[in-house]
Chemist: 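First the structure, then my questions, so here it is.
None of the values given here were measured: they were computed from a predicted structure. Below, all heavy atoms of this structure are taken into account, side chains as well, without hydrogens, waters or symmetry copies.
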Amino acid sequence: MAQQTDIRAGGASSRPTAHDTSVLDNAVWAALDGPHAHLSERVGRAARYPDDVYAFAALADPRDPAAWADLHTLVGPATTVRIKPVETVPEGWDIVGGGVGVQLVDTALRAEHAPEAIRLGPDDVPEILDLVARTHPGPFLKRTIALGTYLGIRDQGRLIALAGERLRPPGWTEISAVCTDPAYRGRGLATRLVRAVAAGIRERGDTPFLHAAADNANAIRLYESIGFTLRRRSPILLVRSPGTSHQGAVL
């Protein structure tokens, strides 16, 4: 069962006008139906990101059987797909894995640019993938960088820390892929990059938010200490569509 605390971002005059948090209840759909519509693969009331951008699908209303039928048409038979926030699936669909995530929203973050941070682009993706593979901040794929701005910090040319933008529901932008090379931890690099990414988000009028695994106590503690507030806990499911297929691909 999803647990939610109603939080309205507000406070200091340097912060943007508060945005309605209700779109965050179904953030993947809100992004695919809004600012990320150009990336959306969609059939009716179901949509997904390309599988090399962000391996999630979404439904306009997870309680609507027609939306599940649209998702089946979109992904095909016997296909495994990640989806949130969904707690139950219709008959014929199977839950084959999953976990619990938390959502935090910016309520008191001090956003500021970091002079040492550089904007990363497609040419940097091999280094990003290497850093992500060693630090496990969450999924980052070959074209995830298309989702928004990614900033990094280098030491003697080597990428040692990273943070960027992922989901963009209307009025909000998710900060994601926050990670630091293990040899450079304890220097505040991740915090500086989160603040820097947030500064860019605020400048275009959005409010930052982020997700973390519910059992990642260290990350949650860090985010709360710098001005994020826990808003919601909800399941993340890995589900398989009805039917038979020779591939059974994970999307």
Chemist: Using side-chain hydrogen bond (donor to acceptor under 3.5 Å, both in side chains) as the criterion, list what pairs up with Y223, not counting sequence neighbours.
Modeler: none
Chemist: Do F56 and L141 belong to the same hydrophobic cluster, where Ile, Leu, Val, Met, Phe, Trp and Tyr are linked whenever their side-chain heavy atoms lie under 4.5 Å apart, directly or via other members?
Modeler: no
Chemist: Go through the structure and list residues passing ring-ring contact (aromatic ring centres under 6.0 Å, His included) with W29, not counting sequence neighbours.
Modeler: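 Not a single residue meets the ring-ring contact (aromatic ring centres under 6.0 Å, His included) criterion with W29.
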Chemist: Using the side-chain contact (heavy atoms from CB on, under 4.5 Å) criterion, which residues pair with N218? Sequence neighbours excluded.
Modeler: N216, R221
Chemist: For E224, what residues pass the salt bridge (charged side-chain N to carboxylate O under 4.0 Å, His left out) criterion, not counting sequence neighbours?
Modeler: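 Not a single residue meets the salt bridge (charged side-chain N to carboxylate O under 4.0 Å, His left out) criterion with E224.
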Chemist: Who pairs with S176 by side-chain hydrogen bond (donor to acceptor under 3.5 Å, both in side chains), at least two apart in sequence or on another chain?
Modeler: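 R166.
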Chemist: Please list, one pair per line, the donor and acceptor atoms closer than 3.5 Å that link side chains of residues 69-77 to other protein atoms, with sequence neighbours excluded.
Modeler:
unit_1, atom_1, unit_2, atom_2, d
D70, OD2, R45, N, 2.8
H72, NE2, P242, O, 2.9
T73, OG1, A69, O, 3.2

Chemist: Is the shortest distance from a Lys or Arg side-chain nitrogen in E127 or R154 to a carboxylate oxygen in the other one below 4.0 Å?
Modeler: yes
Chemist: Does F140 have any ring-ring contact (aromatic ring centres under 6.0 Å, His included) partners at least two apart in sequence or in another chain, and if so, which?
Modeler: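 Testing F140 for ring-ring contact (aromatic ring centres under 6.0 Å, His included), a comparison that skips the adjacent residues, returns Y150.
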Chemist: Name all residues meeting the salt bridge (charged side-chain N to carboxylate O under 4.0 Å, His left out) criterion together with D155; count only those two or more places apart in sequence or in a different chain, and write none if there are none.
Modeler: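 None.
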Chemist: Does the ring center of Y54 lie less than 6.0 Å from the ring center of H36?
Modeler: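 That pair fails the under 6.0 Å test.
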Chemist: Taking only Lys NZ, Arg NE, NH1 and NH2, and the carboxylate oxygens of Asp or Glu, determine whether D52 and R143 approach each other closer than 4.0 Å.
Modeler: yes
Chemist: Just to verify, what does R240 make a side-chain contact (heavy atoms from CB on, under 4.5 Å) with, not counting sequence neighbours?
Modeler: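 Per chain and number, R240 pairs via side-chain contact (heavy atoms from CB on, under 4.5 Å) with T80, D94, V96.
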Chemist: For P122, give me all partners under side-chain contact (heavy atoms from CB on, under 4.5 Å), at least two apart in sequence or on another chain.
Modeler: none
Chemist: Mind checking salt bridge (charged side-chain N to carboxylate O under 4.0 Å, His left out) for E116 and listing every partner two or more places apart, or none if nothing turns up?
Modeler: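 Scan of E116 (salt bridge (charged side-chain N to carboxylate O under 4.0 Å, His left out), adjacent residues dropped) gives R192.
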Chemist: Under a 4.0 Å N-O cut-off, is there an ion pair linking D25 with K84?
Modeler: no
Chemist: What residues form a side-chain contact (heavy atoms from CB on, under 4.5 Å) with R134, not counting sequence neighbours?
Modeler: D130, L131, R158, D181, P182
